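Okay, so here's the structure we're looking at.
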Amino acid sequence: MTGFSVRRATRPRLRLSGPLRLAARLAARDLRHRPGTGLLVLLALLTATTMMTLALVVNRSARSPWDETFAATAGPHVVATTFDADEATDRAMADLAAAPEVVARAGPYPLLSMPDGALEAHGRRIGVEVMARDGGAAEVDRPALVGGGWIRDGGAVVEESFATALRVVVGDRFTIAGRPFTVAGIAVTTSRQPTPFYSHGLVWTTRADAAALAPAAANRGAVLMLRLADPVGAPAFAAGHTTLQQLYLDDWQSTRLDALTDVLFALFGLIVGAVALALLAAASVAVAVAGRMASQTRRAALLKAVGATPRFIVTVMLAEYVTFALLAAGVGLLAGTYLAPVLAEPVPGVLGTAPVVLPSITTVALVLGAATILVGLSTLVPTVRAARASAVRSLANPARSPRRSRLAIAVSARLPVPLLLGLRLAARRPGRAMLAAAGLSVTVAAVVVALWMEAGIRGDTAQVSDALGEHAITYDKLRLVTYTFIAALVALALVNAVLVAWTTALDNARTSALARALGASPRQVTSGLTVASLLPALVAVTVGIPAGFAAYRAAAAAAGGASGSPTPAAAGLLALLPATLFVVAALTTIPSHRASRRPAIEALRTD
Amino acid sequence: MTGNPRQVLATRGLTKVYGSGPSMVRAVDGVDLDVQTGEVVSVMGPSGCGKSTLLYLLGGLERPTAGEVVLAGDRVDRLSETRWARLRRHAIGFVFQAFHLVDELTVVENVELPALLAGATPGKARRRAAELVDRVGLADRAGYLPAQLSGGQKQRVAVARALVNEPLVVLADEPTGNLDTAATTDVLRLFARLRSAGQTLVIVTHDSRVASTADRLMTMRDGAIVDHTRLERRTSTVDDLVSSAGLETGS
């Protein structure tokens with residue numbers, strides 16, 4: 001009897017849940033140990049997935065209100081308008097109405113362009129167009145009432161977007177060329193774009209009232225509404241029947257596109273935002289992973305030493321980030337779905353509301369897939385590298401050897417101490433510096449796009465404000481999207497910058513401590529770390545501003561023009577340089593200053 | 001304490017306490033120490049007795065809980081981190097057990113680093129570094145990276161780096177702790193030459209062979225100095241010194 005018991009060889013029982021449970025437990029412990037990094041990564045992913053969901057859901061739900069209105073009002077496929085009616089235009093309109101492609105028509109109706117300031121409501125005076133209509137329902141273009149009743153003598157119907165801009169409701173009184181009217185009703189139409197895209201507001205009156213107003217009109221024209229047998233062929237019909245210079249033919253497709261301009265522009269913002277935020281989130285995750293690589297490599301080596309296979313180690317290390325991705329995708333899908341109606345809510349001028357549209361299976365798959373791929377791409381390579389590294393070497397020195405840059409060392413020797421330290425610190429990890437520069441470049445480029453969008457809104461709003469004061473309601477949504485985009489971008493950029501600063505300070509803790517042991521002052525070390533962060537920031541601004549310009553130009557060109565759109569103020573763009581450098585410097589200074597106040601020996605001991 | 005012109009480093013009642021309450025540890029407990037110019041002092045003791053902490057307190061890498069540190073006649077224990085850093089540049093050279101060389105810098109670049117930090121011109125720093133690299137016997141490896149050197153060679157680089165600004169005192173923390181016998185011999189030869197040149201050295205070690213090469217030997221236990229011995233120097237040459245420590249002389 002030796003007192004020792006010998007375990008008999010038994011057939012190992014396969015318990016599939018064991019490794020998975022262990023992987024989950026290790027990931028959970030790691031998260032509990034470092035909640036700050038986990039939270040930042042989660043926030044980055046969540047912002048990206050929410051924006052992604054918004055772009056996909058708004059794309060689906062935003063177009064339907066106009067289409068509903070078009071169907072409900074028997075919208076015209078082609079509208080022929082003249083502002084200067086004479087015999088020639090009357091003949092041309094008669095020819096149009098008789099064309100074989102036409103299956104139904106309404107009009108011609110008299111159309112009066114009243115001079116600027118002709119309409120007075122609530123003490124404000126602006127121009128207006130008056131369309132004379134009949135009492136009964138027309139075959140084409142039956143404006144749908146959203147309040148009140150149809151026209152009567154002395155009672156006008158105001159187009160809804162115009163009524164909203166004027167702040168008039170049913171029963172209010174107003175005058176046109178001094179002639180008093182009551183708001184008999186408020187209605188929507190798809191025969192023209194809503195205010196303010198159409199430069200003048202529209203009011204329907206009886207033929208008698210219009211006739212009374214005619215002497216005061218700046219122009220007396222007419223409008224004819226047509227429905228075609230082949231609605232898709234409307235543009236070709238309009239092009240083929242443009243015979244008179246003063247007769248304008250508009251097809252329903254271009255009217256629809258113009259009416260949806262704000263939604264499409266907002267959608268463009270959302271797509272650019274989603275892509276930019278996804279790239280930024282990827283950069284944030286990659287920076288976070290890089291920052292923790294030394295501890296993760298040591299952890300991988302320890303697991304390997306106790307018998308874990310490389311595959312198990314990869315599973316453990318990926319489990320945490322994949323969980324973040326799935327969690328962020330789930331919450332992002334929910335948040336995006338419930339935020340979408342705010343952006344897709346139809347503007348005044350069309351019928352209906354934008355209900356909460358549940359994301360389609362494709363949307364769910366896209367968001368889940370994108371979040372997982374994003375995390376996978378950012379983590380897989382370093383994770384596999386850590387799992388395959390020699391356990392002995394990893395335990396002895398978990399950090400990857402820094403790069404030696406002969407040029408940076410030679411050049412920095414001639415520089416003041418902060419620059420000497422900064423240049424050398426940046427040159428140690430060129431990959432990480434490039435990653436930081438790439439993340440910041442995306443931020444700067446996206447801010448340039450956002451500034452451009454903002455400039456566009458300002459330009460258009462100013463144009464419209466001339467006529468409608470501050471009530472350019474249609475732009476509110478666009479502004480909301482732009483500001484949401486900017487807010488999300490800034491939040492994510494800050495997350496990214498904090499992670500970069502944290503990684504830089506962490507990665508250089510030993511070198512900084514050594515520099516202090518050799519006589520560098522805390523301020524010199526802090527300045528050195530700040531310089532190390534500012535170098536990628538400088539590259540980011542240099543690359544990001546032209547990249548933002550190029551991205552906006554390309555996207556605007558693809559969206560059909562905007563070459564003449566207002567450009568952001570040069571001062572705003574120039575301010576990006578010092579602003580970016582200042583933010584990066586401030587965010588780097590805080591952790592490095594804190595680190596430099598701790599005894600240097602702590603960092604050297606933990607080496 | 002400021003009356004003795006030969007005294008370069010002294011402490012009175014130096015104390016370092018970590019933690020509080022039941023978990024409180026007195027790593028250094030009321031240490032009084034006097035080091036004269038050109039003297040070599042060894043501090044011995046078992047692991048965890050506080051000898052490394054004492055060394056870090058002397059070099060300003062740790063802040064004392066109580067007591068005084070006087071360097072070249074000036075009280076320095078209350079200096080700010082920045083003032084300590086400036087003082088270290090010229091007055092103190094550190095040699096660590098783990099070498100702590102900058103991995104991506106060559107031998108000569110590692111050695112010139114403190115000189116550059118102290119504001120020396122690149123040319124002057126390089127000349128001084130090359131001279132020291134030559135003196136520690138690594139002239140032929142001046143362009144090597146630390147990864148290409150043996151442990152003993154790395155420590156010789158660390159010693160050269162500690163000397164580049166001609167410090168008043170070199171503080172060495174277990175300088176042979178990571179070295180084999182041959183490499184230990186190399187380092188001891190170097191220290192013996194420094195001693196001959198009048199360099200003041202404080203060496204913390206748990207290796208009695210290294211400790212025996214000093215002028216004075218102090219033994220620490222539980223944070224306090226428990227024994228103080230002046231060693232008789234019977235040998236005069238470097239080889240004698242190394243041989244007296246019981247080490248090979250052939251390398």
Side-chain angles (χ1 to χ4, degrees), chain A residues 393 396-397 399-421 423-430 508-528 593-607, chain B residues 16 52-53 55-57 59-63 80-106 108-126 129 143 145-147 158 161-162 164-165 167 171 173:
Chain A
R393 200 170 299 161
N397 184 16
R400 285 180 69 215
S401 296
R403 189 77 59 86
R404 169 180 164 76
S405 167
R406 197 186 295 270
L407 183 67
I409 290 164
V411 170
S412 62
R414 300 174 188 285
L415 299 174
V417 172
L419 289 173
L420 178 150
L421 291 172
L423 195 59
R424 290 186 178 187
L425 291 175
R428 293 180 86 225
R429 305 273 184 208
N508 294 303
R510 176 191 172 254
T511 313
S512 302
L514 183 59
R516 285 169 58 204
L518 298 179
S521 69
R523 184 178 293 177
Q524 286 174 328
V525 171
T526 304
S527 307
H593 179 76
R594 277 186 60 191
S596 72
R597 295 286 144 185
R598 286 170 51 210
I601 202 65
E602 277 182 27
L604 291 174
R605 268 197 196 118
T606 54
D607 180 45
Chain B
K16 178 68 183 177
S52 289
T53 305
L55 201 74
Y56 300 145
L57 289 169
L61 293 180
E62 285 274 27
R63 315 312 297 266
S80 68
E81 196 65 34
T82 303
R83 298 276 307 275
W84 252 121
R86 287 187 191 136
L87 188 65
R88 263 197 301 272
R89 283 176 205 165
H90 301 286
I92 292 167
F94 263 107
V95 177
F96 298 99
Q97 178 179 358
F99 322 126
H100 290 319
L101 300 178
V102 181
D103 299 331
E104 67 272 24
L105 297 184
T106 62
V108 73
E109 287 166 349
N110 261 291
V111 175
E112 74 180 1
L113 186 58
L116 292 171
L117 292 175
T121 62
K124 192 177 171 192
R126 179 56 61 96
L145 291 171
R161 184 179 64 183
V164 75
N165 287 336
L171 305 174
D173 180 21

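Keep in mind that this is a model prediction, so the values were computed, not measured. Order of the sequence lines sets the chain letters (A, B, ...), proteins ahead of strands, with each chain counted from 1.
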Using a cut-off of under 4.5 Å on heavy-atom pairs, state which of V525(A), V417(A), L514(A), T511(A) scores highest against chain B.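 Option with the top pair count is L514(A).
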
Name the member of R523(A), Q524(A), R516(A) that forms the most heavy-atom pairs with chain B at distances under 4.5 Å. R516(A)

Looking at CG of L518(A) and CG of N110(B), how far apart are the two atoms once the value is rounded to the nearest 0.5 Å?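 L518(A) CG to N110(B) CG: 9.0 Å, rounded to 0.5 Å.
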
Hey, what do you get for CG (L421(A)) to CG (L113(B)), rounding to the nearest 0.5 Å?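 Answer for the CG-CG pair, L421(A) versus L113(B), is 7.5 Å.
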
Tell me, for [X] versus chain A, whether the close heavy atoms (under 4.5 Å) come from the side chain, the backbone, both or neither.
| X | answer |
| --- | --- |
| R161(B) | side chain |
| L145(B) | side chain |
| L171(B) | neither |
| T106(B) | both |

Heavy-atom closest pair, residues [X] and [Y]:
| X | Y | answer |
| --- | --- | --- |
| R88(B) | G519(A) | CB-CA, 4.3 Å |
| F94(B) | A517(A) | CD1-O, 4.1 Å |
| A413(A) | P122(B) | O-CG, 3.2 Å |

Is atom CZ of R414(A) surrounded by more than 12 heavy atoms (other residues, nucleotides or ligands) closer than 6.0 Å? no

Do you know which of L87(B), V102(B), L105(B) has the most heavy-atom pairs with chain A at a distance under 4.5 angstrom?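 Of the candidates given, the most pairs with chain A belong to L105(B).
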
